[in-house]
J.: 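First the structure, then my questions, so here it is.
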Amino acid sequence: MKHKSQSTLTVSAVAFVAALLVDLYLIIAYPSLIELIIAVSLIVIVDTYFLVDSIVSKVDEIASVNIDKQNELTKVEKGIYSVAKREEVARTQSMSAILDMIMELKDENSKLYKELIEQDKMMTKLQIKKDADNTTKVVNSNERVAILIAQMATANAKSQNEAIEILNDICKELEERNKGLNNDYSNFRVMKSRAE
């Protein structure tokens with residue numbers, strides 16, 4: 001279509017120039033041939049019509065192409081705007097969701113922090129009570145240990161006295177049995193400690 005309109009325009013332009021030149025030549029060289037000059041002038045007029053029609057068609061074609069391009073650009077711009085609008089809406093929704101999530105996390109974090117403080121207070125109270133109980137147990141244990149040590153010391157003193165009496169009795173028995181042998185067993189005698 002484009003090639004055909006270009007050819008028509010070229011043929012019309014060449015025919016117009018040729019007919020005009022022939023018409024001018026006839027008017028100048030043979031002014032008496034009026035019928036031929038009129039016929040060629042009609043050809044020039046018809047050619048002029050085709051030439052103008054071809055030029056108008058070409059202008060319309062260019063305008064149509066420009067309108068088509070403009071329509072395509074408008075469609076592309078609308079598409080880009082639509083996509084951008086959708087992206088903006090999606091981004092806004094995403095940001096809104098993220099902000100909601102952040103607020104929920106903040107609230108949850110605040111609750112957890114309060115619970116942690118309460119648990120810390122409770123643990124501190126329990127630790128203080130446990131320390132008090134341990135201190136009481138240690139004091140009671142120390143008292144029991146002191147009582148046991150005193151009981152052991154008393155039992156040791158009794159055992160020691162009993163052992164000394166037994167040894168002294170043995171020494172007496174040895175002295176009585178061995179009177180005639182002149183053996184001295186006094187160094188085996190054990191004296192009771194003065195601590196008693």
J.: Checking side-chain contact (heavy atoms from CB on, under 4.5 Å) for the pair Leu116/Leu112: CA distance, chi angles, key distance, verdict?
T.: CA-CA 6 Å; Leu116 186 63; Leu112 289 174; over 6 Å; no
J.: Find the distance between CD1 (Ile149) and CG (Asn156) and round it off to the nearest 0.5 Å.
T.: 11.5 Å
J.: Do Tyr25 and Val22 sit in one hydrophobic cluster, given that two such residues count as connected whenever their side-chain heavy atoms are within less than 4.5 Å of each other, even indirectly?
T.: yes
J.: Is a donor on one side and an acceptor on the other found under 3.5 Å between the side chain of Ser82 and the backbone of Lys78?
T.: no
J.: Under the rule for side-chain hydrogen bond (donor to acceptor under 3.5 Å, both in side chains), what residues qualify as partners of Asp100, not counting sequence neighbours?
T.: none
J.: Supply the atom-to-atom distance Thr92 OG1 to Leu99 CG, rounded to the nearest 0.5 angstrom.
T.: 10.5 Å
J.: Hey, mind stepping through Asn109 and Lys106 against side-chain contact (heavy atoms from CB on, under 4.5 Å) and telling me if it holds?
T.: CA-CA 5 Å; Asn109 195 14; Lys106 188 177 177 183; 5.6 Å; no
J.: For the backbone of Ile37 and the side chain of Ser41, can you confirm whether one donor and one acceptor N or O come within less than 3.5 Å of each other?
T.: yes
J.: Looking at NZ of Lys129 and CG of Asp131, how far apart are the two atoms once the value is rounded to the nearest 0.5 Å?
T.: 11.5 Å
J.: Are Tyr49 and Ile43 joined in one hydrophobic group, where the rule is that I, L, V, M, F, W and Y side chains link up if heavy atoms are under 4.5 Å apart?
T.: no
J.: Could you give the distance from CD1 (Ile128) to OG1 (Thr124), rounded to the nearest 0.5 Å?
T.: 6.5 Å
J.: Are Leu36 and Leu42 linked, directly or through intermediate hydrophobic residues, by side-chain heavy-atom contacts shorter than 4.5 Å (ILVMFWY only)?
T.: no
J.: If I take atom OG1 from residue Thr48 and atom CG from residue Asp53, how far apart are they, to the nearest 0.5 angstrom?
T.: 12.0 Å
J.: OG of Ser64 to NZ of Lys58: how many Å apart, nearest 0.5 Å?
T.: 12.0 Å
J.: Any chance you could lay out the side-chain contact (heavy atoms from CB on, under 4.5 Å) test for Val83 and Arg86, step after step, and finish with the verdict?
T.: CA-CA 5 Å; Val83 169; Arg86 252 181 294 164; 3.8 Å; yes
J.: Membership question, hydrophobic clusters at under 4.5 Å side-chain separation (ILVMFWY): are Ile45 and Val40 in the same one?
T.: no
J.: Is the closest side-chain donor-acceptor distance between Gln70 and Asn66 under 3.5 Å?
T.: no
